[in-house]
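These numbers were taken from a predicted model, which means no experiment stands behind them. Every chain is numbered from 1 and lettered A, B, ... according to where its sequence line falls, protein lines coming before strand lines.
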Amino acid sequence: MRKYFTDQLIPTVYALMALAFLYTPIIVLMVMGFNESRYNTLPFSFSLEWYSALAKNEVLINAAINSFVLALITALICVVLATMFVLGMKTLSRSMEGLFRSLIMMPMSIPWLILALSMLLFIRFLDLDKNMFFVVAGHVVISLPYAMLSLQARIQALDPALEEMSASLGASALSTFRRITVPALAPAIVAGGFLAFMISFDNFAISYFLIPAGTSTLPIEIQSSIKFGFTPEINAISTVIIGVSLLCLAIVGLIMGSSIENMIGGKKK
Amino acid sequence: GGQTAEEEGTDEPATLTVVNWKDYGSDNADFVAAFEAENNCKIVHVYMSSEEELLTKLKTAKDGDIDVCLPNCTILPSAINDGLLLELDTTKLTNFDSLYDRFKVQEESFKDGKMYSVPWVWGSTAIAYNTDEIAAPPSSVSILFDPEYAGKIAIRDDFNDAVMLAAIVLGQDPNNPSDLDAIKAKLIEQKPLNKTYWKTGDEFSKLFAGNQVAVGLMWSGQAAFMKQDGQPIGFVVPEDGAIGWVDTWGIAKGSQNPDLAYKFIDAVISEEFQYDWASTGGPAPVNKDAGEQIDPVYAASCGMDEESLNRLYFMQYRTDDVKKAWNELWTEVKAN
Amino acid sequence: MANIKLENLTKRFGENTVVDRVNIEIPNGTLVSILGPSGCGKTTLLRMIAGFETPDEGSIFFDQDSVVNVPANKRNIGMVFQSYALFPHMTVEENVAYGLQQRKLSKEEIDARVKQVIDTVHMKEFQKRKPKQLSGGQQQRVALARALAISPRLLLLDECLSALDKKLRVEMQTELRKILEESKVTTFFVTHDQEEAMTLSDFIVVMNKGIIEQMGTPLEVYEKPKNKFVASFLGKANFFQSEDGTSFAVRPEKIHLSAEEQAGARQEGVITFITYSGNITSYTIECDGEAVLCEKQNVQIRENLKKGQKVFLRWDKDSEIELADE
Amino acid sequence: MANIKLENLTKRFGENTVVDRVNIEIPNGTLVSILGPSGCGKTTLLRMIAGFETPDEGSIFFDQDSVVNVPANKRNIGMVFQSYALFPHMTVEENVAYGLQQRKLSKEEIDARVKQVIDTVHMKEFQKRKPKQLSGGQQQRVALARALAISPRLLLLDECLSALDKKLRVEMQTELRKILEESKVTTFFVTHDQEEAMTLSDFIVVMNKGIIEQMGTPLEVYEKPKNKFVASFLGKANFFQSEDGTSFAVRPEKIHLSAEEQAGARQEGVITFITYSGNITSYTIECDGEAVLCEKQNVQIRENLKKGQKVFLRWDKDSEIELADE
Amino acid sequence: MKKKKKLLTFPSIIVLTVFAILPLIIMLVYSFQSDSGSSGVTLENYTNFFLKSVYLKLTYRTIINSLAVTIISLIISYPLAYFMAKKFKGLKNIVMILILIPFFTNQLVRVYSWLIFLQDGGVLNSFLQSVGLIEGSLGILFTQGAVVIGLVHAFFPYMVITIYLALERVDNSLLEASSSLGASKVRTFFQVVLPLSMPGVVTGIMIVFVPCLGTFVEPRILGGVNGTVIGTVIEDQFFEIYGWNFGAAIAFVLFAMVIISMTGLSRIGRRYDNE
Ligand SMILES: Nc1ncnc2c1ncn2[C@@H]1O[C@H](COP(=O)(O)OP(=O)(O)OP(=O)(O)O)[C@@H](O)[C@H]1O
Ligand SMILES: Nc1ncnc2c1ncn2[C@@H]1O[C@H](COP(=O)(O)OP(=O)(O)OP(=O)(O)O)[C@@H](O)[C@H]1O
Ligand SMILES: [Mg+2]
Ligand SMILES: [Mg+2]
């Protein structure tokens, strides 16, 4: 009974409370997407008006797709870079390791606004055109620390004996990497990619300053509408995105079956 | 930018890059479609989020990045002084003659006698109030300093508006206030009366619609739009005046499509465009023909009438030092 | 399938020299056991041979070729770690197949070999399990199978049987011996179990504090230990002083006990302690204040010596092991 | 310091019953060894007693009190895990002191006790190190010290000596025995080493596939095994069939070998294999197609029996162990 | 072999150097130039910052706010991460995904939703009134409290992740060993679990505290008249008055503070990391 209390009841209630807090604004925004009032005022009166408006709003939809693609590319690059980094990190001397690590973590500690502006100045300094390359580079810079965090935690838990064993069985460094290291790091890679994706997907400052004219992302659209007030179409598209991402995760979960267990963090050995 | 394609009639349409506010007339889908069809071009919108940021965009742009832009009179001289805009030839604008005379000679548009931008719309930042709570239109901006409305007031989080507002109340020249300390004290005194300092139109409209704010400083255009949308909102430029502003169009120095840019500007100052927008919740027109067609009752209700126009203190260009001083003053008020 | 030579092999961790100028030459196809106290450097020695630690000094030769600069994955060594190091994300089968896959064999060849090796270690019914779902002993067998599968030229076994029960262990020893004889693979075998070492190996190396105390056949090392350390580390020993001041040792089983006074008895004493351990019974006998250990095989069930009884001790002259001075 | 009773103790993992209706009663202050093949449920049994696994059925009594609902930290049990489970962020000292600190003793008492226990396991020079800096055997000793320090009423040792070399192991066994005799703490001792089990324990429990095959004193279990499994698991055994169809076993050391024909010889055969293991030499003799194992203590160095030689086998009638039918 | 592995760290380092360090150096140059456009090196931006009490006051307010957010995030995150790592079984992955999903919505939209939720007459207020918990208005929006709520909401999930990853590494047999040595759950927690999860806690603190110092969206919108912090001052410099030089100087002061606090924290982290 007591065990049930401490092992099940309290944790569950606690998690539910934390999730309730987390979802408060999300639920508000979802509900308001179905509310007739453009000013999100109560009383609530159900309407699909904003969804039908959204369906016609190509600009917003295209922006959302752009954000998605950009975030995906950023996440992939970050994952590759971060994985390479944590693997090489072990061979660095302590002080080098510290230096490199703080270098990579640095973008977390500078307001992105400043980073974006400095990159803009830099592009101007180099006398280059604004282009998507720099947008991606900027996104990578700010997302990389997040990808790194989850990978670092994991690599420390990786038993070096496994890699040695693989070598002694004749596996080349590459083969060891592919068959031993990557699977062991997989949960962290997925988690890191996920974090990087989210950071990029929601980023306004970098995209805004670096993106070439004629291209837009969802955060840019939202930020630009806010001068005069955005309509609940924005709520509608947010709701759609949440729905789609839940669906994707569910599908991935079904396909990967039990290995979803390992998706985030996962279990050690 | 790209090649102008009109003469040869090739399939490749030219692109015109326009820096403007989102949902601010010039990006109206119908208008854009019609313009594109007529001129066989493609308009690309780049949105700005503040006036200063437009300057940033112009300064960091490369040739061809931007064709047309929408500077406000407060930053216009900066842009002109930094050589960011092209000198204009008004003879290329068929609708220029229809402008109210005062806008043909808008001081900030000129440097050394040369014109660099064309006024487009004007408006006021004045008193918006909830007609359910406040029956009669306020006659003075001092309503924003009235403790009776404590907690229901929202002025804008903007150093320029704040300083000018306090100057009007204190009887100083809003464009050249004589006693900044008094202004600061006045604003600090006013601070607790606010529900919030609003930053974006979105905030104000939602708080207003949610009955959180009964009276505040607001843009005429947005107030007109909200009124049309059924909000119980009244708008007035009170007797002691309010803040006026003028938005203008300029052509970026590096534009590769100046001819198309002229066409664009000409289109947005046309009688048709100006009337359509002003009568459906947009700001006031600079085109005289358009202005005269607007229902005078409607015009009065959104401060577009002649009387309101005459009460306004139009924002003037400010030097960097003034801006810095005002901004610091405002920061101190907010930090207080 | 290789002749292994270690020359002056030395490894330091910080100030500690954990392997100290080790010289050994191991003929092709022999099984060498390494015995020594915990922490004496056995694992470190193996890790240098495998290529996971770089020696600070000295060389390692496989058939005349120095391998110090050959990376671990090119040395063709089968290794079983003390900690098993099974790949946690692979099943038993996949673990065993791993090394073969690195060798670009056909799928059929791999399957056949995997099946064969898994049978050898009696793990057939567990082949689809992941390591987490196995007991310690089962894991150890998988680790052994994985190392054997690749038919290495050198096999390094770091206490690879220590988690097995005696019965399974003896079986595995027999299997191991058989496999090794067939494949003629040179093998280093680290163990704590001296009986295992003696049963299994062609040579025994006794290490202590990073150095080699003695190397030889089991018989040599057991019957002619060079010093007190080896004598007492390998099996039990009673130490005595001769009149001329040199010391010698006598193994407990070499001491004849009798209740009656007998010719040539060297000592007499009283039994103070009797320990039964199945096939053997040990007697501790107090002789002139010194405890002497004596072991008798239990050839019958009835015990004829009792605690407190007076007994006479006798041993052959050639059972005396002369020890180097220390 | 407690009388332990297990009643019908059962544990299932999914479909597998890994501990199956175990009933034991252990008197106060005795040392019980649990022997059994890998995976037979020894660790699981210990974990239930310690309170880390909840039994699916059955009860556990410490001195008449059922402890099934007592949380692990209130059971006052000292446990040494197969995996040691040392706290990686604490030094050896701190690890050992940990349990004492939970008991609100004074700092002096704790220090004194820690010092004493660390001395007992010979880890004094390593007391400031963190577990990562220790060898496997050293870690095991710390784990033992940590469990002993709290003077528990029940000590659960899961293969706590398996990583030690023979010499240290024998020392630790002696220490352990001494400690246990002084403190009279009831002890469960899981081991793979039957000799260790027999030397050390008051009782031996032989487990197989979750059930208890036999429990008794070492003498009983070794000399009177109930069935073939116990006979062959504990020590070696040769199995024969009598004329009346029942089967019996004979221990290898109970068989007398002689090159000359002797009275009462039961079998004759040829030596096919000789294995020397220090104090003992084993002979495999082929008699009518069956291999018979025979062990002789090496009381002298010279060997008098050779491979291929014809020998005669004899044993006493009372060396025959009758086995239950299976 | 080792040398080759070292090369793996280079791509990240190069990307960071080219796309963050070099641009920032340009920005740093700006911070030493005068706003008035005259060339030459000047410290005026920095002296301006340190000599005006208003900026110091805002800096102080920002630090206090960020600390509050960090502490509250820790209080929410640690138990949650602990329950996920040690108590939930299949459930924990679902919880983890649920924690991450809200990040797919835009930050601004989330902040505006808080505005709707918290405002007087809004959802929370109406609810509390109808339950009878409060009369009149709640008055929580446009206070520091609202800012803290918004920021905690924005950042605590990151902390949950870092702590969770650290706790996952704490072997359960250690908890059992502690328990067998007589330690209660609470003592086991403080003496074994907490120290071993400390590296994750330290990272979590960094990942919350540091970005908090530079935020401006939540304070501005949720803090109302009291929402001015150092982040909004920087934003104003760049967006309102074209004061890049001064803005850059403030940003670098902030950056220096971050470096100092990170050095301190990682020293603590390293102590526990040294297993
Ligand atoms: N990475 C290391 N850094 C510092 N010292 C080490 C390291 N690895 C091992 N040692 C030390 O080197 C010595 C030899 O260690 P090694 O593991 O080779 O011993 P071992 O003979 O295998 O012991 P065991 O039988 O207990 O496994 C020990 O004293 C150990 O503490
Ligand atoms: N958590 C678990 N889930 C499922 N099966 C388990 C689990 N733990 C142990 N088992 C299985 O239960 C059986 C008994 O395991 P246990 O660890 O008790 O064996 P053991 O006798 O201690 O073996 P060893 O001597 O190898 O340590 C084994 O077959 C094992 O695979
Ligand atoms: Mg070792
Ligand atoms: Mg076990």
Residue pairs passing the ring pair (Phe, Tyr, Trp, His ring centres under 6.0 Å) test where at least one lies in residues 143-162 of chain E, sequence neighbours excluded
A:Phe21-E:His153, A:Phe21-E:Phe156, A:Tyr146-E:Tyr158, E:Phe103-E:Tyr158, E:Trp114-E:His153

If I compare all heavy atoms of E:Arg187 with all of D:Gln101, which pair ends up nearest, and what's the gap?
NH1-O, 3.6 Å

Residue pairs meeting side chain to side chain donor-acceptor pair (under 3.5 Å), one or both in residues 65-78 of chain D, sequence neighbours left out, come to D:Asn76-D:Arg103

If I take atom NE2 from residue D:His89 and atom CG from residue E:Leu194, how far apart are they, to the nearest 0.5 angstrom?
9.0 Å

Atom of E:Glu176, atom of D:Phe52 and distance for their closest heavy-atom approach
O-CZ, 3.0 Å

Using every non-hydrogen atom in the two residues, find where D:Phe87 and E:Leu174 come nearest and quote the distance to one decimal.
CE2-O, 3.4 Å

Contact summary for E:Ala177 and D:Arg146, nearest pair of heavy atoms
CB-NH2, 3.5 Å

With a 4.5 angstrom heavy-atom cut-off, is it the side chain or the backbone of D:Leu100 that approaches chain E, or both, or neither?
neither

Apply side chain to side chain contact (heavy atoms under 4.5 Å, CB included) to residues D:Tyr98 and E:Thr188 and explain how you reach the verdict.
CA-CA 10 Å; D:Tyr98 186 87; E:Thr188 300; 4.2 Å; yes

Search all heavy atoms of E:Ser179 against all heavy atoms of D:Ala72 and return the closest pair with its distance.
OG-CB, 3.0 Å

Distance check, rounded to the nearest 0.5 Å: E:Ser180 atom OG versus D:Leu155 atom CG?
10.0 Å

Separation between CG of D:Leu86 and CG of E:Asp171, rounded to the nearest 0.5 Å:
11.5 Å

